[in-house]
Structure formats: structure tokens, C-alpha cells
Student: 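Got a structure here, written out as C-alpha cells. Questions coming.
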Amino acid sequence: MSGVSGAGAKGGRGVRTVRTRGGLSLRLDVRALLAGLLLLALALAAAIALIGSGDYPMTPAEVLSTLTGGGNPGQEFIVQDLRLPRVLVGLLAGAAFGISGAVFQAVSRNPLGSPDVLGFAQGSSVGALVVIVYFQGGTVAVAAGSVAGGVATGIAIFLLAWKRGIQGYRFVLVGIGASAMLYALVLYLLTKANIVEATRATTWMTGSLNGRDWDQVGPLAAVCAVLLPLLLLYGRPLRMLEMGDDAAYALGVRVDRVRVVTLFAAVLLVASATAATGPIAFVALTAPQLARRLTRSPGPNLLPAALTGAVLLVAADWSAQRLFGADQLPVGVLTGVLGGGYLLWLLARERRAGRM
């Protein structure tokens, strides 16, 4: 590597161009890199803190020792069998929600373009409830129903919003309308359920990491291993897409293909994460916005959004366990309360800016 040249157009942001001896150059956003490293450290710290929390508390040193094979049999059972799967599901689901929210907001060019606002969580809930109420399915069947419901909802919203392309507010309005209809269908399905099925369905719809084990980790990790790198490869086209279709076409972006591929991948990620955790609200809405404010970089900030989502979900789960005494809340309740307040603030901000 031959060196690092001066800042980019916005030198205050710390953008540098790194040139190699072979003549290649790479633009490096120092602030975004530092923000990503900070988020990664926070995610790991939150994961260690969550593993060490519970009726059998463990210090961070004991957690790290047990993870590396140095714990006693009791600690190994608690960490490996009980707590580590829960934390891994939280990290993977948070990353899936975060990067999916960034994709939706980039495609719609609207900060309200989030999967949980646009009805995908409700679609997954309908799929899961159909399996619970009409087929009395087990955990695997409910997860499959959730994925099917989320994917079907995504396809329907995309087709209904398509009119010579996707326009941001049309996409958001169609999604909000679909969300209202699907929520009504959820309520109808609950009225058809018996008391046992209704209790099971309500527990699933709350959104929680309680009781998560390796059966949820494997499928979610496989989906994330395929789709997260795929979406990261589309980071630059999505950045161009935020400037509008005409500008993106002029820069050589195949707009329709980018929309179809990224939205389909994002829908699959949201549906898979929802199948593993239940519908956890507002992580997908807030993570991309917080990531953008941390990096101060244009574009969807896909990797920072994924890391922010992981931090938010694991930190919220730790807070739900530790901050309310003996009453441990499902994480979906806490994210719903905090995210609802954030949504009100965002709506007020959009209105003041004249975009609503």
C-alpha cells in the first residue's frame, strides 16, 4: 500500500482515498469505520452482559472463560445450552431487522419505510396464527408459517405499490393500508382460537427471546450467512437509488433489478427473524436512522445499520430482564414502548420539514 491521500469532497467527515501500489484506490470513511468498530464492540459487550445475567449471575471474566472452554460443568450448561443460543438469536435477528430496515428506507426514500410499519410483521403474524389456530402446528411449522406470511405480504405490497416503478410515499401508504388489514385479520384469527391456542398465539406475537435454543439459531444463521453479504454487495446501487430513479439510471444502475433483489432479500430476512423471535417492533425503524447519525455518511449504511440493530435488540433484552425487578418483560414490549416514542418524534420531525 503506497499511502493515504487527502480528504474527499467533505473533508470534515474524514473521507480518505487509499491507493495501492497496483494503482487501485479505495475511498475510506474514517468516521464510518470507527462507528462500525464501536458498534461491534458494543454488540459484543452487550452479548457478554446478557449471557452473565439471570438467576445464576456470572462476571464477564467467567463468561469469557466458559466460552473458551474454561468453565465448570454447571457454567458450561448455563452458557452453552441456556443463554448463548438466546444471545445469538438476538444478535442475528437484530442484524436482520437493522439491515432490512435500511434497505426498505433506501428503496422507499422515506424514513418511515420500515418493515414493521409497512405490515410485514403483521403478515408474519397472520401466517403463524393460521398454523396455530387451524393446524395446531409445532414450533417448526409456526416458523414456516411466519416466513410464508411475511414473504406473501412482501410480494403483495410490492405489486400493489408498483406503477412504472416504486414511489416512496405510495409504497409507504400501501404498506400502512396492508398493515391495518392484516392486523384486523390477526384479531379475527384470535377470535377463532380456543383459550390454549389464543394464549400461545398472543405469547408469540409479543416478541421475545425467552426459551430460544439452538433450533432457532441454525436456520436464522444460515439465512443471515447468505442474505447479509448479498445485501452488502448492493450497498453502492442502493446509495445511487436514494438520489432518484433518473440519477440512478444515468449512473448505470439497473433500478428495477436492484429493487427486486434487495427487497426480496430484506423480506426474507425480516420473515426469518420474525419466525425466530416473534414480531419485535421498531428495531428495523430505528436502527438505520441511528446508524446514519453515528456515521454521518450518505447512503443506506447497511453494515452499521445491521450492527446497530444487533446492539439495540440485545441491549433491550438485557434491560427488559434487569430494570423491572422480578417482572421480566418480553423484549418486544420494551422495544414497542421506546420505538413508539421514536416514531412520534420522527413524524413530528417529518411534518416540520414539510415532507408530510
Side-chain angles (χ1 to χ4, degrees), residues 96-128 130 144-186 223-224 226-249 253-275 279 281-285 287-288 299-300 302 305-306 309:
F97 287 134
I99 198 171
S100 298
V103 169
F104 276 92
Q105 292 175 17
V107 169
S108 65
R109 301 196 295 275
N110 191 314
L112 295 176
S114 171
D116 39 14
V117 175
L118 301 182
F120 294 95
Q122 287 80 1
S124 294
S125 297
V126 168
V130 166
S146 173
V147 172
V151 171
T153 300
I155 293 173
I157 292 175
F158 185 85
L159 292 177
L160 290 172
W162 182 268
K163 185 179 180 181
R164 296 189 298 274
I166 293 290
Q167 195 274 335
Y169 277 101
R170 182 169 64 242
F171 186 64
V172 172
L173 289 174
V174 170
I176 292 174
S179 176
M181 295 175 63
L182 290 167
Y183 181 68
L185 185 55
V186 166
V223 172
C224 289
V226 174
L227 296 182
L228 287 177
L230 174 65
L231 288 177
L232 292 176
L233 291 175
Y234 278 87
R236 185 180 180 277
L238 284 172
R239 179 183 294 183
M240 301 299 104
L241 207 61
E242 286 188 336
M243 297 188 297
D245 287 4
D246 293 338
Y249 275 122
V253 176
R254 301 175 65 177
V255 173
D256 292 340
R257 178 181 177 180
V258 170
R259 281 202 181 101
V260 170
V261 172
T262 56
L263 283 177
F264 185 70
V267 167
L268 278 178
L269 276 174
V270 170
S272 300
T274 303
F282 294 117
V283 174
L285 175 69
L302 296 180

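One is the number of the first residue; the rest follow in order along the sequence. The figures that follow rest on heavy atoms only: side chains count, while hydrogens, waters and symmetry mates do not.
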Student: If you round to the nearest 0.5 Å, how far is OG of S100 from CG of L263?
Tutor: 10.0 Å
Student: Mind checking the CG-OG1 spacing from L238 to T262? Nearest 0.5 Å is all I need.
Tutor: 5.0 Å
Student: Does T153 have any side-chain contact (heavy atoms from CB on, under 4.5 Å) partners at least two apart in sequence or in another chain, and if so, which?
Tutor: F120, I157, L182
Student: What pair of heavy atoms forms the shortest contact from L302 to L231, and how long is it?
Tutor: CD1-O, 3.1 Å
Student: Could you tell me whether the side chain of D116 and the main chain of A121 form a donor-acceptor pair under 3.5 Å?
Tutor: no
Student: Can you name the residues that form a side-chain contact (heavy atoms from CB on, under 4.5 Å) with V261, not counting sequence neighbours?
Tutor: L230, Y234, R257
Student: Tell me the closest heavy-atom pair linking S179 and G119, and the distance in Å.
Tutor: CB-CA, 3.6 Å
Student: Indicate yes or no: at least one non-hydrogen side-chain atom of F264 is less than 4.5 angstrom from one of F158.
Tutor: no
Student: side-chain contact (heavy atoms from CB on, under 4.5 Å) with S124: which residues, sequence neighbours excluded?
Tutor: S146, A271, T274
Student: Which heavy atom of S114 sits nearest to which heavy atom of A284, and what is that distance?
Tutor: OG-C, 3.5 Å
Student: Which heavy atom of G101 sits nearest to which heavy atom of P288, and what is that distance?
Tutor: C-CG, 3.5 Å
Student: For F104 and V267, work out which heavy atoms get closest and say how close.
Tutor: CZ-CG2, 3.7 Å
Student: What are the two closest heavy atoms between V186 and Q122, and how far apart are they?
Tutor: CG2-O, 4.2 Å
